[in-house]
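Please read the structure below before turning to the comments.
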Amino acid sequence: MPFYITTPIYYVNDVPHIGHAYTTIACDILSRFQKLNNQDVFFLSGTDEHGQKVEKAALNSSTTSKKFVDQMSENFKKLIPFLGCEINDFIRTTEKRHIEGVQFFWQKLKKNNQIYLSNYEGWYSIRDEAFYVESDLIKDGNDYKTSSGSTVEWVKEKSYFFKLSKWQDKLIEYYENNPELISPKSRYNEVLSFIKGGLKDLSISRTTFSWGVPVPEDKEHVMYVWIDALCNYITALGYPNKENSSFNRYWPGVHIVGKDILRFHAVYWPAFLMAAELDPPKKIFAHGWWTNEGNKISKSLGNVIDPYSIIKEYGLDQIRYFLFREIPFGNDGDFSKNAISKRVNADLSNNYGNLVQRISTFIIKNCNGRINQTLNFNKVDNKLIKLFEEKFKNYHEQMSIQQIDKALRSIFDLLSETNVYVDSQAPWTLIKTDKERMKVVLFLICNIIIKSTIMLLPVITESSTKVLKIFNYNFDCISFNNFNKLLDHDIEISNPKPIFPRINL
Ligand code: ME8
């Protein structure tokens with residue numbers, strides 16, 4: 001089955017930070033999970049390069065807008081492999097394929113009588129690239145600000161409008177019939193009540209600057225950056241080419257976005273798509289925001305977390321794991337170095353790493369690195385096998401609904417119980433008293449280690465790969481098909497090495 005997953009396309013007005021890395025890694029985890037389910041995955045990321053915010057940043061640089069966006073986009077592209085993420089395509093909104101696709105989309109809306117020309121007069125925030133009504137704003141002396149502190153300016157210009165108001169009832173009906181389309185539930189409720197509060201037609205073109213996609217047949221206007229940006233999800237698939245195209249195969253997709261941009265994705269985007277007679281997205285998941293040691297992350301506070309330096313300091317898998325285990329995916333979270341160290345030491349070093357290390361070195365030392373396959377399990381063993389089956393089921397259910405933290409918790413509960421089993425069965429004692437029983441115990445522990453490692457593969461990809469190599473696991477066999485079945489071959493271990501050294505607190 002095709003599975004299409006997207007990150008937001010990131011604004012190139014500044015360099016990437018941990019927030020961007022967070023969304024990209026989330027998509028990578030979910031994409032790797034679906035690959036283990038044998039799905040045909042298409043994972044897209046990219047950059048949002050038009051609009052006033054980017055134009056302003058380009059003007060402040062000493063180069064042309066085109067050169068500026070080329071350089072800045074490269075920073076986002078380069079970050080992806082550094083984060084251990086594997087994408088299928090990277091789209092830039094300044095590419096020809098995108099511009100042509102968006103212009104086609106615009107014409108389709110026009111043909112369907114969804115667009116009209118009028119005048120816009122109201123507030124606009126360049127930082128948010130969003131229109132605001134006065135009731136959304138907070139008075140700040142003589143000025144107004146948004147609730148997140150963005151400044152706004154009064155805009156008065158000729159503009160094309162999209163007939164968003166016409167889609168209010170359709171959107172309500174659509175979401176009421178499909179409540180699982182927006183997650184978490186609280187965000188779904190928020191979107192639904194926003195739509196029920198009434199939708200106004202949306203200004204979708206600008207005339208007071210020129211850094212945007214030209215509106216077809218009206219050179220005076222460029223498109224509003226959000227209609228341009230949202231279309232990336234389909235232009236990257238080859239839209240408007242529908243026959244035999246990736247569009248045909250992969251659309252509709254799953255969008256992972258920050259809570260700040262949910263409204264654009266869950267209100268405007270499905271309405272645009274329905275108006276163009278296309279399917280709305282399959283799912284929109286809105287995650288929360290990270291603060292840094294309790295403070296809002298912002299350039300002016302000088303506390304922006306650079307993904308390169310934090311990964312160099314703690315390690316890639318350590319950061320990937322921390323980001324997705326520490327807080328429920330969907331909630332806000334606080335990024336603190338103390339929390340990273342505690343989390344890594346407790347889970348990755350003690351619970352998982354130590355288990356792998358002590359079992360693999362024990363087998364090398366005492367069994368020549370080899371444990372034969374067996375089925376001679378007793379009651380205690382069967383209890384652990386049953387627990388594994390339960391935890392895998394839970395892991396699978398949670399990952400399927402993007403609850404990455406809960407899925408990880410299932411694996412680590414299983415590993416904790418496995419450590420208890422190791423201590424109670426004590427293979428180091430059995431070696432003296434009952435060698436046959438020792439082999440059964442070791443075979444089962446190796447099974448659980450291998451299975452847990454495969455479950456961890458989407459999150460801590462590099463380290464899981466290393467562990468599977470220690471256990472000489474055949475990578476061609478990796479899939480969640482028949483996952484409950486224990487290994488039907490002997491286990492061979494080579495070159496055990498410590499995987500997660502403890503971080504000194
Ligand atoms: O909004 N914590 O781009 P953008 C968690 N171009 N995530 C964060 C974060 C934080 N502190 N800060 C940013 C745009 N993010 C548009 C999107 S899509 C058609 C167009 C993440 O560069 C989060 O995913 O401002 C947020 O949605 C995204 O970065 C916004 O990136």
Side-chain angles (χ1 to χ4, degrees), residues 5-28 30 44-55 57 69 72-73 75-77 79 83 90-94 98 101-102 105 125-130 148-150 187 212-213 223-236 253-270 272-273 281 284-299 301 303-307 310 319 322-324 326-335 402:
I5 187 158
T6 68
T7 72
I9 48 169
Y10 303 111
Y11 285 128
V12 291
N13 61 310
D14 210 342
V15 291
H17 58 67
I18 197 72
H20 303 119
Y22 183 56
T23 321
T24 307
I25 297 171
C27 293
D28 187 64
L30 298 169
L44 177 73
S45 189
T47 42
D48 191 351
E49 305 185 9
H50 290 130
Q52 257 177 307
K53 174 150 96 171
V54 172
E55 186 184 55
V69 295
M72 298 302 273
S73 172
N75 294 331
F76 284 89
K77 198 171 181 183
L79 179 65
L83 299 173
F90 186 89
I91 185 146
R92 300 180 52 193
T93 53
T94 49
H98 174 73
V102 185
F105 188 80
S125 156
I126 297 182
R127 188 165 97 175
D128 303 350
E129 294 284 16
S148 63
S150 306
R187 299 284 170 212
V213 177
M223 290 186 203
Y224 170 41
V225 66
W226 270 100
I227 186 165
D228 162 2
L230 287 162
C231 282
N232 90 87
Y233 300 129
I234 56 174
T235 58
V254 175
H255 301 313
I256 308 292
V257 299
K259 63 180 183 180
D260 52 320
I261 54 172
L262 177 61
R263 190 177 295 179
F264 300 95
H265 284 81
V267 182
Y268 304 163
W269 182 223
F272 291 156
L273 286 162
I284 304 160
F285 188 98
H287 66 70
W289 267 47
W290 285 94
T291 49
N292 184 0
E293 312 274 353
N295 297 311
K296 189 177 167 190
I297 298 178
S298 94
K299 223 174 153 186
L301 288 175
N303 65 352
V304 174
I305 302 163
D306 169 25
I310 200 79
I319 294 298
F322 169 76
L323 290 175
F324 291 93
E326 192 65 10
I327 53 149
F329 193 46
N331 290 14
D332 291 336
D334 188 39
F335 199 93
Q402 298 85 32

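Hydrogens, waters and symmetry mates play no part in the numbers below; they use all other heavy atoms, side chains included. First listed ligand is number 1; within each ligand, the first listed atom is number 1. Just so it is clear, the structure is predicted and the values come from calculations on it, not from any experiment.
- At least one donor-acceptor pair under 3.5 Å links the side chain of His98 to the backbone N or O of Asp228.
- In terms of the salt bridge (charged side-chain N to carboxylate O under 4.0 Å, His left out) criterion, residue partners of Arg92 (sequence neighbours excluded) are, by chain and number, Glu49, Asp70.
- Rounding to the nearest 0.5 Å places CG of Leu79 at 9.5 Å from NE2 of His20.
- Heavy-atom neighbours of Arg263 CZ from other residues, nucleotides or ligands within 6.0 Å: at or below the threshold of 12.
- Aromatic ring centres of Trp290 and Tyr22: separated by under 6.0 Å.
- Protein residues with any heavy atom under 4.0 Å from ligand 1: Pro8, Ile9, Tyr10, Tyr11, His17, Gly19, His20, Thr23, Asp48, Trp226, Ala229, Leu230, Asn232, Tyr233, Gly258, Asp260, Ile261, His265, His287, Gly288, Trp289, Trp290.
- Enclosure of atom NZ in Lys77 is not indicated, since only 12 or fewer non-hydrogen atoms of other residues, nucleotides or ligands lie within 6.0 angstrom.
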